[in-house]
Amino acid sequence: MIIYEYPFNERIRTLLRLEDLYEKFVFFLHQEHALQHHVALSTIFEMLEVAGRADLKSDLLQELERQKQTLLGFKSNPNVLSERLDEVLSDIDRSSTALMAAQGRTGQNVRENEWLMSIRGRTIIPGGACEFDLPSYFAWQHRTPQQRYDDISHWFAPLAPLFDAIGVVLKLLRESGRTVSTVAQAGSYQQMLQGKVYQMLRLTIDGALGAIPEISANKYMLWVRFTSQDGDMKPKSFESDVPFELTLCNF
């Protein structure tokens, strides 16, 4: 099964972009080749570009506090698993505490490192990080895998609380929705939203069908049009019925 996610606003779009970058970063960080560690380091630079909004940290703190207050209201509900609720509240508290303790602007430690900034400036240029442009970086790439791992982990460490908070917020959002099974007749599906505000859509589909969803939505209507790819990967309309699962998420 393949899960497609569609953000309904720019705020959630930013969080999903950062989550995607974080997953890429973790994968390449735990590899051993110098070229793979180059991708991990370059991904940190991409994170700084996306997380450049000054209010991202405060937005996350406000959302975590709002979710905490909402969940505390379920404390007296006998139908709620108290252990599970306490676990979620503990995750929120831990994440909030670490994020509040993070000092300065997001990625400030990287921005203040002249050597890293010289590498960032060159990686923007195609092929700009060659050994004749950055001999010191070329020498660093010849360190042992463990030394490179330790260096990159150290540079990323101040960003870790931000990504932990993003993980908690997106987890709560994904768990907020109710999943329904439905069918797109002749590859097309529409649903009236009647002005109700959602944050994110999750669409789960069997990958063996070969159907690819193209999603558009506003506060009034949701439209999903399924396509397929031919030999040259050019999309074409999928004309058969497509069964899928739909989840609309909102805090």
Side-chain angles (χ1 to χ4, degrees), residues 3 5-31 36-37 39-75 81-113 116 120 146 148-177 199-200 202 247 249-251:
I3 299 176
E5 294 183 328
Y6 180 84
F8 278 68
N9 55 61
E10 192 59 33
R11 176 169 168 259
I12 301 302
R13 187 182 302 273
T14 297
L15 297 187
L16 290 175
R17 290 188 194 281
L18 287 169
E19 180 189 54
D20 181 74
L21 287 171
Y22 179 69
E23 291 174 355
K24 175 182 173 182
F25 166 77
V26 171
F27 174 82
F28 283 103
L29 174 65
H30 287 87
Q31 307 307 308
Q36 293 167 317
H37 281 168
V39 176
L41 183 57
S42 298
T43 304
I44 292 180
F45 300 147
E46 292 183 52
M47 291 173 176
L48 296 185
E49 290 291 334
V50 179
R53 290 177 48 221
D55 57 346
L56 181 59
K57 177 180 175 180
S58 61
D59 279 353
L60 288 168
L61 286 171
Q62 290 174 14
E63 188 59 54
L64 288 170
E65 180 61 26
R66 192 168 72 85
Q67 293 303 312
K68 177 181 178 180
Q69 296 305 318
T70 299
L71 292 172
L72 285 173
F74 292 107
K75 276 280 191 180
L81 293 174
S82 59
E83 291 184 359
R84 175 58 179 153
L85 180 59
D86 289 341
E87 180 183 335
V88 174
L89 288 170
S90 176
D91 287 343
I92 292 175
D93 284 338
R94 171 186 51 77
S95 183
S96 295
T97 300
L99 190 57
M100 283 190 290
Q103 300 294 321
R105 183 185 174 193
T106 301
Q108 183 174 337
N109 64 305
V110 176
R111 293 186 175 91
E112 291 178 349
N113 187 314
L116 288 177
R120 181 185 183 184
Q146 185 61 48
R148 294 195 305 268
Y149 174 91
D150 291 343
D151 285 340
I152 297 173
S153 298
H154 173 70
W155 296 325
F156 176 78
L159 293 168
L162 179 74
F163 284 90
D164 182 54
I166 290 172
V168 172
V169 168
L170 288 177
K171 184 173 184 289
L172 290 170
L173 178 59
R174 289 179 175 120
E175 293 177 349
S176 70
Q199 304 278 347
M200 183 173 68
R202 306 189 82 212
T247 308
C249 305
N250 189 35
F251 289 124

ask   = Mind checking whether L15 and L60 have side chains closer than 4.5 Å, heavy atoms only?
value =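 Yes, close enough: below the 4.5 Å cut-off.
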query = Any side-chain heavy atom of R202 sitting closer than 4.5 Å to one from C249?
reply =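 They are in side-chain contact.
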Measuring from [X]:[atom1] to [Y]:[atom2], what's the distance to the nearest 0.5 Å?
{"X": "K57", "Y": "L99", "atom1": "NZ", "atom2": "CG", "result": "5.5 Å"}
{"X": "L18", "Y": "L159", "atom1": "CG", "atom2": "CG", "result": "9.5 Å"}
{"X": "I92", "Y": "E65", "atom1": "CD1", "atom2": "CD", "result": "9.0 Å"}
{"X": "S58", "Y": "L56", "atom1": "OG", "atom2": "CG", "result": "8.0 Å"}
{"X": "D151", "Y": "L41", "atom1": "CG", "atom2": "CG", "result": "9.5 Å"}
{"X": "E23", "Y": "T43", "atom1": "CD", "atom2": "OG1", "result": "12.0 Å"}

task = Would you check if the distance from the ring center of F156 to the ring center of F163 is below 6.0 Å?
result =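 Between F163 and F156, which both carry aromatic rings, the centre distance is below 6.0 Å.
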Ignoring hydrogens and geometry, is there a side-chain-to-backbone donor-acceptor pair from [X] to [Y] under 3.5 Å?
{"X": "S176", "Y": "L173", "result": "yes"}
{"X": "Q31", "Y": "F27", "result": "yes"}
{"X": "S90", "Y": "D86", "result": "no"}

query = Would the number of heavy atoms belonging to other residues, nucleotides or ligands and lying under 6.0 Å from OH of Y22 be above 12?
reply =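 It does not: Y22 OH has 12 such atoms or fewer within range.
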message = Looking at E175, I want to see if its CD is surrounded by more than 12 non-hydrogen atoms of other residues, nucleotides or ligands under 6.0 Å.
response =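 Yes, enclosed.
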Closest heavy-atom contact between [X] and [Y]?
{"X": "Q199", "Y": "F251", "result": "CG-N, 4.1 Å"}
{"X": "L61", "Y": "S96", "result": "CD2-O, 3.8 Å"}
{"X": "F25", "Y": "M47", "result": "CB-CE, 3.4 Å"}
{"X": "V26", "Y": "H30", "result": "O-ND1, 2.8 Å"}
{"X": "W155", "Y": "V110", "result": "O-CG2, 3.9 Å"}
{"X": "T106", "Y": "L48", "result": "O-CD2, 4.2 Å"}

message = Pair Q67, V88 - check side-chain contact (heavy atoms from CB on, under 4.5 Å), show working.
response = CA-CA 10 Å; Q67 293 303 312; V88 174; over 6 Å; no
Please determine whether a side-chain nitrogen of the Lys or Arg among [X] and [Y] lies less than 4.0 Å from a carboxylate oxygen of the Asp or Glu.
{"X": "R174", "Y": "E5", "result": "yes"}
{"X": "D91", "Y": "R94", "result": "yes"}
{"X": "E49", "Y": "R120", "result": "yes"}

request  = Check the pair T14 / E10 against side-chain contact (heavy atoms from CB on, under 4.5 Å), numbers first and verdict last.
outcome  = CA-CA 6 Å; T14 297; E10 192 59 33; 4.1 Å; yes
